[in-house]
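The block underneath contains the structure these notes are about, expressed in structure tokens.
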Amino acid sequence: MRKQNAGLTKSFFARSAEEVAPDLIGCEFFIDGVGGKIVETEAYTRFDPASHSFRGPTRRNQSMFGEPGTAYVYRIYGLHWCMNFVCADASAVLLRALLPVNGIELMKARRGGVSEIQLCSGPAKLSEALGISGNLDGASLFAPPFTLRARSEQPVEILEGERIGISRATELPWRFWLADCPYTSHPKLRSKPRK
DNA sequence: AACTGGATCGTCT
DNA sequence: GACGATCCAGTTG
């Protein structure tokens, strides 16, 4: 009986994002078979001033108030897309970096031929590589085009530190990443949590 | 290696 | 009317 490579279930996401976010490190995520291993995430919760759900439901953030296991996709800075997995109580996990596994040539084509290291090393980069845009907002993660696979083995070491690119609640240690992984988004913050 | 500004627009003040 | 859960190219040290 092979338990490894099983798909993630709804109960996996039916917890608060700060619990789910570290558990997603080492899982695999694909869209139409294109994607890779999750190596960096961030958690955002309902009572977190940095979270889109902090001020209650709006048209943009309504997916964040949906069922655990829903995709929340939003546009950032007018030109990029960011992908989130909705968890319990209007919390969500932002996908920040993947280690490319499948569909590498297609991802390179979408990303303008950058090196493999830089293919998915950032939230907007991985969205471009996987072809993510606003039309996936609100979709269930348990149906096509998505594929989610649980870890096949425990990650060597998961580190945590402050989140990146926000101006509020910056002290919360809700960014999680695979230690010393070259495919994460911030070279300087790869090995040690920021002080 | 570190910092700067530009691109670009929906959302909320 | 201001401002992002960003990225990239360019400049400076």
Side-chain angles (χ1 to χ4, degrees), chain A residues 13 16-22 24-25 29 38-66 68 70-100 107-138 141 159-178 180 182-195:
Chain A
F13 293 100
S16 191
E18 74 266 29
E19 291 181 53
V20 177
L24 279 168
I25 303 297
F29 178 59
I38 299 170
V39 295
E40 183 179 349
T41 59
E42 278 180 1
Y44 290 86
T45 74
R46 177 69 173 82
F47 300 101
D48 162 13
S51 170
H52 289 173
S53 61
F54 181 63
R55 295 177 187 279
T58 64
R59 180 145 86 256
R60 174 177 65 156
N61 68 17
Q62 61 177 342
S63 299
M64 245 185 119
F65 291 82
T70 299
Y72 169 45
V73 182
Y74 67 90
R75 207 198 250 293
I76 183 70
Y77 297 116
L79 53 161
H80 303 303
W81 297 100
C82 290
M83 177 73 188
N84 298 256
F85 296 164
V86 174
C87 301
D89 304 318
S91 65
V93 174
L94 170 68
L95 238 51
R96 288 197 57 93
L98 304 180
L99 185 160
M107 290 195 283
K108 280 185 178 172
R110 287 169 170 165
R111 292 271 299 123
V114 301
S115 74
E116 200 164 317
I117 287 281
Q118 304 177 90
L119 263 189
C120 302
S121 60
K125 295 178 184 177
L126 73 88
S127 291
E128 183 173 41
L130 272 62
I132 291 169
S133 69
N135 57 11
L136 293 175
D137 182 44
L141 296 170
L159 300 179
E160 63 176 54
E162 295 172 2
R163 295 175 293 182
I164 294 174
I166 57 172
S167 57
R168 291 174 293 190
T170 55
E171 74 286 356
L172 294 173
W174 284 353
R175 185 172 77 99
F176 304 90
W177 67 98
L178 186 60
D180 297 313
Y183 295 91
T184 52
S185 69
H186 208 301
K188 293 285 291 193
L189 303 179
R190 222 167 247 161
S191 301
K192 305 175 184 173
R194 248 182 86 200
K195 294 210 166 164

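Chain letters run A, B, ... following the sequence lines, proteins first, then strands; residues in each count from 1. Note that the structure is predicted; figures quoted are calculated from it, not measured.
Of all the heavy atoms in A:Val86 and A:Phe13, the pair that sits closest is O-CB, 3.8 Å. Annotation for A:Met107 and A:Pro100: closest pair CE-CB, 3.8 Å, computed over non-hydrogen atoms.
Where stacking is scored as ring centres under 5.5 Å apart with planes under 30°, A:Tyr44 registers as stacked on the base of C:dA5.
For A:Leu126 and C:dA5, the CG to C1' distance is 12 Å, given to the nearest whole Å. Distance, A:Asp137 CG to C:dA5 P: 16 Å, rounded to whole Å. For the pair A:Arg75 CZ and C:dC7 C1', the interatomic distance rounds to 14 Å; values are reported in whole Å. Remark: P of C:dC7 and CG of A:Leu119 are 13 Å apart, rounded to the nearest angstrom. The CZ atom of A:Arg55 sits 11 Å away from the P atom of C:dG4 (whole-angstrom rounding). Following rounding to the nearest Å, A:Gln62 (CD) and B:dG10 (P) show an atom-to-atom distance of 16 Å. When rounded to the nearest whole Å, the span between CG of A:Leu79 and C1' of B:dA7 equals 6 Å.
Using a 4.0 Å heavy-atom cutoff across all strands shown, A:Asn61 reaches no nucleic acid atom at all.
At a cut-off of 3.5 angstrom, the base of B:dA7 holds no donor-acceptor pair with the side chain of A:Tyr77.
Under a 4.0 Å N-O distance rule, the pair A:Arg110/A:Glu128 does not qualify as a salt bridge.
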